[in-house]
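Have a look at the structure below before the remarks.
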Amino acid sequence: MLTTRQSLPLPLLPMHVTHLESALDGTTLDADQVQTTHRGRPLWVRYDLDAVDGAVSPSGFEDRPPSMWRYRELLPLAADADPVTLSEGMSPLVRCPRLGDRFGLDRLWIKDESQLPTGSFKSRGLAMAVSMARAFDVERVAIPTAGNAGGALAVYAARADLEAYVFMPADTPAVNQHEVMLAGAHAFLVDGLIDDCGALVDAGTDAMGWLDVSTLQEPYRLEGKKTMGLELFEQFGPALPDVILYPTGGGTGLIGMWKAFDELARLGWIDPADRPRMVAVQSDGCCPIVNAYEAGDRFADPVDDPETIASGLRVPGAVGDFMILDAVRESDGRAVAVDESRIREWMRLATSTTGVSVGPEAATCVGAAKRLADDGWLHPDDDVVIFNCGAAQKYPHLSDPNTLPRLDPDDAVDWNAVKARETS
Ligand SMILES: *Cc1c(COP(=O)(O)O)cnc(C)c1O
């Protein structure tokens, strides 16, 4: 049983939410109480879009504070409930001409999520999920994490004064372990993979009475991620880019943005034909979605030995697999696997030509951009957006500073040798 501070139902009514809906079979569920999944699969949050259209227009967001909360009419939190927030969202959309030139792309952009709280876009989903959990008087939340989700949950739980339990594989980057510990979460290292951590959270639900905020195990993280699509709509005009390259683990962002575009189309704010082509990018060290895409399947078989330095992409089986694959196919997009062994090279190429702190997950999209441009699938004048989901600074273990040359201040410096030295 879920532990809440007071009995349900929720005292505050959602603004324009009408109900929740099973993504698998369309079953309708009430939105005024805590819901998780239906038949083990995710739920959509549904809105009265006529009411939204009556309440706000596309230009109505412009004068609001630059965070994801500017889209309150399209979010599930009740109008009179305060969000749990660190001003996440409205990340910069950065034009990248030097990187684009390498690939023959005139209009290459990076949506730079590395600047969000906790250095990754996990802050969007977890700000939303924790805000909803607090509105429902939930006292305790739990999450399995490859790194960034745990860090984000820990900080928002700290702000909201919720008890957070974080389960991470023992080889999770030290930076992530550090941030979870600092934020005061109950943290555990698990000798296994992220799905083992997920099974632990699931197994503890009865005894611990926590809300499982794993990827797509509750409906609200998706709504937080959806705001990335709403921001692109504002930042492009209002309009949308031609192609989005998305590093896909659990796929929440890709699914969430496709939902945002669907809502914009239903609102009549965009022509459905103008929705971007969605590209799910994975490393060939862990590419269940790409395998299913290539096999023509709607559900993905989990992979056995996921191996990738892009820890956000080390998701052997995604509970929203069919939602990712539906979005990719409906959008005329692709699912693409790139060479694991080149991720560091692409990180460095992207960071050294854009100045953006490009993490290993987004680096896979850099490789995909090159491949798809070479193939002619990307046109030189397409607006192409790469999602930089997390900051490279969170991955210091991917560079080796011991390879840098040392200088002794007491010795005479050979400036010709300094000049000849290649950049690191
Ligand atoms: C979680 C994560 C991803 C994968 O995001 P999904 O929306 O779950 O596919 C990619 N990159 C980083 C840095 C992440 O933290």
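Just so you know, ligand 1 is whichever comes first in the structure, and atom 1 is the first atom listed for that ligand. Along the sequence shown, the residues carry numbers beginning at 1.
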Subject >> ligand 1 versus Tyr395: contacting region, heavy-atom distance under 4.0 Å >> reply: side chain

Subject >> Closest protein heavy atom to atom 2 (C) of ligand 1, given as residue, atom name and distance to 0.1 Å >> reply: Lys122 NZ, 2.4 Å

Original post:
Quick one: are the ring centres of Tyr47 and His16 less than 6.0 Å apart?
Top reply: no

Original post:
Which residue supplies the protein heavy atom nearest to atom 8 (O) of ligand 1, what is that atom called, and how far is it?
Top reply: Gly250 N, 3.1 Å

Subject >> Tyr220 ring center near Trp44 ring center (under 6.0 Å) >> reply: no

**OP:** Tell me, please, whether Trp210 has Arg140 positioned over its six-membered ring: NZ or CZ under 6.0 Å from the ring centre and within 45 degrees of its axis?
**Re:** no

**OP:** Using distance alone, determine whether Cys389 and ligand 1 share an N or O pair under 3.5 Å.
**Re:** no

Subject >> 4.5 Å side-chain heavy-atom contact, Thr354 and Arg98 >> reply: no

Original post:
When you measure from atom 7 (O) of ligand 1 to every protein heavy atom, which one gives the shortest distance, and what is it?
Top reply: Tyr246 OH, 2.5 Å

Original post:
Given side chains that start at C-beta, do those of Trp377 and Arg371 come closer than 4.5 Å, heavy atoms only?
Top reply: no

Subject >> Arg124 and Glu231 ion-paired at < 4.0 Å >> reply: yes

**OP:** Mark the output for Thr248 as yes if a heavy-atom distance to ligand 1 is under 4.0 Å, and as no if none is.
**Re:** yes

Original post:
For ligand 1, is any non-hydrogen atom under 4.0 Å from Thr252's backbone (N, CA, C, O), its side chain (CB onward), both, or neither?
Top reply: both

Subject >> Sub-4.0 Å heavy-atom contact, Phe121 with ligand 1 >> reply: yes

Original post:
Nearest protein heavy-atom contact for atom 10 (C) of ligand 1: which residue, which atom, what distance?
Top reply: Glu361 CG, 3.7 Å

**OP:** Around atom 4 (C) of ligand 1, find the nearest protein heavy atom and jot down its residue, atom name and distance.
**Re:** Gly312 O, 3.5 Å

**OP:** Just jot down the ligand 1 atoms closer than 4.0 angstrom to any heavy atom of Asn148, in number order.
**Re:** 13 (C), 14 (C), 15 (O)

Original post:
Any ion pair linking Arg107 and Asp382 (charged N to carboxylate O, less than 4.0 Å)?
Top reply: no

Original post:
What's the verdict on side chain to side chain donor-acceptor pair (under 3.5 Å) for Asn388 and Lys111, showing C-alpha distance, side-chain angles and the deciding distance?
Top reply: CA-CA 6 Å; Asn388 183 38; Lys111 178 80 168 148; over 6 Å; no

Original post:
Among all residues two or more places apart in sequence or in another chain, which pass the side chain to side chain donor-acceptor pair (under 3.5 Å) test with Arg72?
Top reply: none

**OP:** Determine whether any heavy atom of Gly251 lies closer than 4.0 Å to an atom of ligand 1.
**Re:** yes

Subject >> contact_flag Glu113 ligand 1 heavy-atom lt 4.0 Å >> reply: no

**OP:** Identify, by atom number and element, the atoms of ligand 1 in contact range of Lys225, meaning under 4.0 Å from any of its heavy atoms.
**Re:** 7 (O)

Subject >> Presence of salt bridge, Arg275 and Glu330, under 4.0 angstrom >> reply: no

Subject >> Contact atoms of ligand 1, heavy-atom distance to Gly390 under 4.0 Å >> reply: 13 (C)

